[in-house]
Every structure is written in structure tokens, then in C-alpha cells.
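Any value given below was found using the heavy atoms of this structure, including those in side chains, with hydrogens, waters and symmetry copies removed. Within every chain, numbering begins at 1; the chains are lettered A, B, ... in the order of the sequence lines, protein sequences first and strands thereafter.
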There are 2 protein chains.
Amino acid sequence: MRRKSLSGAPCPIARTLDVIGDWWSLLIVRDCLKGMRRFSELQKNLDVSKNILTRRLRALIAQDILTLQPAADGSAYQEYRLTDKGRRLFPVLVALSQWGRENLAGIDPNPMTLVDREYRQPVRPIEIRAHDGRVLGPGETVMTRLG
Amino acid sequence: MRRKSLSGAPCPIARTLDVIGDWWSLLIVRDCLKGMRRFSELQKNLDVSKNILTRRLRALIAQDILTLQPAADGSAYQEYRLTDKGRRLFPVLVALSQWGRENLAGIDPNPMTLVDREYRQPVRPIEIRAHDGRVLGPGETVMTRLG
DNA sequence: CCGTATCCATTCCGATACTG
DNA sequence: CAGTATCGGAATGGATACGG
């Protein structure tokens, strides 16, 4: 039996996981957000076999998260670039990063941190805020259909 | 060959995906954040077979994201509750939810939305902010080791 | 009600070899 | 450099039956 598709689920979390909920996709998006564009860059940095990388890249293109374009630097090859839709995954990656750093200490006494490029200060922890600016915890929110 | 473990990776995103990057985990956490605690509730709502649910629950307990405790309502059974560590995944789920709602429109003209429980207003879009409050885009951040 | 035990199908990953 | 083809192994998901 195949895994149920959740693309038609009412919950946007489920639908999102249906698209980027696999193992490699978010790591590829992470590297593209860092500016990587070439197949070989991604392959080396992710340490993934080429056929897997190919498959994942194709899937991300099909989802309109990446595009494959002629390289801007004039080289004969093509390059993978994030679409706007892909770039909007930034908060997802930041949330994952912050949770990992705070909750998966591990052995590393000085784990990597997302910082402001200019001032080299850590980015603020993400907060969930109501329309009026109040910080909300999980219990103060509900998933509902408006209207 | 088995999938590479990224638990020792330097990048906190990779380490996080190693823990909750599978198909069901975040959906279970989502339901627990909504207040679900019972096996049967989860099984019905997720529409997952019992053995799979058992496997995932055990894994989440092993990761200290869930605990299994005697039910508070006096029933003979036990209940699954999020640990603080698990509860801190809230921003991850909100980020996934917002991305899905904004970028995976689908057929539904009125998709589900996360709202403030009290006023029924949509939660603000997550913003990534620097230490001084400036909103940061992906290009204005770097992942680095401090110190 | 809350699982566990089998068993099977599918999907996914990875190594290797090969191509333009 | 940038893939494709093939193959095998492992993890995952699911149906079903069974047990405390």
C-alpha cells in the first residue's frame, strides 16, 4: 500500500508536509537559501548520491519550489534557483534551526547559530503573535475556517 | 544501505530533521498541541493504522517529545502528553501552516487558518528579526559558529 | 480500549557503472 | 559537470489477526 496523499487534506500543515515532508527537500532548500545553485555544490555539501539528488531536485521543480535556468555566470550549465514560493520557506527553516539548537544539544559545546549577517548577532527566537501583538502559546490558538 | 543519520551533523536543521523529519511525527505533535492525548483519538483523527501509530509514538517518547503517563481523568489507561521540548515545536508547526496556507491554495476557497483563540483573528505571519528588531530576509542571515 | 505480532507491498536511499 | 540506469537493501506504511 502506498502512503496516503495528504494534498487534499484540509489542514495546511498536512498539505505542506505532503510537499516538503521528506528527508532531503528542506536540506536542499536550506542550501539554496545559502546561495548554492549548482548540482555539484549541492551534491558535495549534502553528501547524497547523485541519483537521489536528481530525484529530489526534479520533485522540487515540479512543486514550483525550484527552477532550472541557464547559469547566470555564462557557464555552459544550468543552475537551480529558488522560486519565491521556495524562498518563503525561510521561516520554516529558521524554526527548525532554533528548535534544534535549543533542544538537541548533543556533544557540541558551541553549536551553529543563525545570525544577522551584518552584526553577527543571533536572530531573535521566533514568536507567534496575535493581530494585536500579544505573544501566543499553543493553547491560545485554534485552527479554524474563517468566515 | 540505510539512510545516513544526521544526528551528529553540525547544522541544527539537519539534526532536527533527523528527529522529526519523518512523515507522521509532526502531525502527531500537531494533534497533541490541540489537546489530544488518547491513542484512539490520534488514530481516528490521523487515519493511520494502529501499528504505525504505535511505532511513531514510541519513537517520539524515545526522543523525549512525548511522555506516557497515567490518565489524569482517572480512566484506567494512559495518555500521551507533550513534554516541554515537544511543546516548543509550536513555531515549527505555525511556520508550516502559514506556508501551506499561502502557497498551496488548492481547490479550497476558504482554507483553514490559525487564529487567536480569543478574538478569532488570524495569527500574524512569522517574521525573522535581528537582535535590534529589524526584519531579516534569507540573504541577511548566516549560519555560523559563535565565539 | 490499547496496543502487539505478522506479513507483505511500496517507497526510498545508496553504491556503482555508464553516458553526453 | 551533470546527470541516467540498474540493482540491492532498508525503512516505512498498511491490513489483519490476536492479546492484556
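Straight-line distance from the CG atom of A:D18 to the P atom of C:dT11: 13 Å, rounded to whole Å. Spacing between atom CG of B:L17 and atom P of C:dC13 amounts to 13 Å, rounded to whole angstrom units. Between the CG atom of A:D22 and the P atom of C:dG14 there is a distance of 12 Å, given to the nearest Å. As rounded to whole Å, 12 Å separates atom C1' of D:dC1 from atom CD of A:Q78. The nearest whole Å value for the distance from the CG atom in B:L66 to the P atom in C:dG3 is 12 Å.
Of the side-chain N and O atoms in A:W24, one or more sit less than 4.0 angstrom from OP1 or OP2 of C:dG14. The side chain of A:Y77 contributes no N or O atom lying less than 4.0 Å from OP1 or OP2 of C:dG20.
When side chains are defined from C-beta on, A:K85 does not count as touching A:V19, because their heavy atoms never get closer than 4.5 Å. The shortest side-chain heavy-atom distance between A:V92 and B:V92 does not fall under the 4.5 Å cut-off. The shortest distance between side-chain heavy atoms of B:Y80 and B:T67 does not fall below 4.5 Å.
Rotation axes derived from the C1' atoms of the five outermost pairs at either end of the helix from C:dC1-D:dG20 to C:dG20-D:dC1 lie 40° apart, to the nearest 10°.
If you check residues 34-62 of chain A against DNA chain D, the residues with a heavy atom closer than 4.0 Å are A:R38, A:F39, A:S40, A:K50, A:N51, A:T54, A:R58, listed by number.
Among B:V48, B:L53, B:L27, the one residue that satisfies the side-chain contact (heavy atoms from CB on, under 4.5 Å) test with B:L42 is B:L53.
Using a 30° and 60° split on the angle between ring planes, A:H131 and B:Y119 fall in the perpendicular class, above 60°.
Using a cut-off of 4.0 Å between Lys/Arg side-chain N and Asp/Glu carboxylate O, B:R15 and B:D18 are scored as not salt-bridged. Ion pairing between A:E118 and B:R134 holds under the 4.0 Å rule for side-chain N and carboxylate O.
Counting heavy-atom neighbours within 6.0 Å of A:K34 NZ, excluding the residue itself, gives a total above 12.
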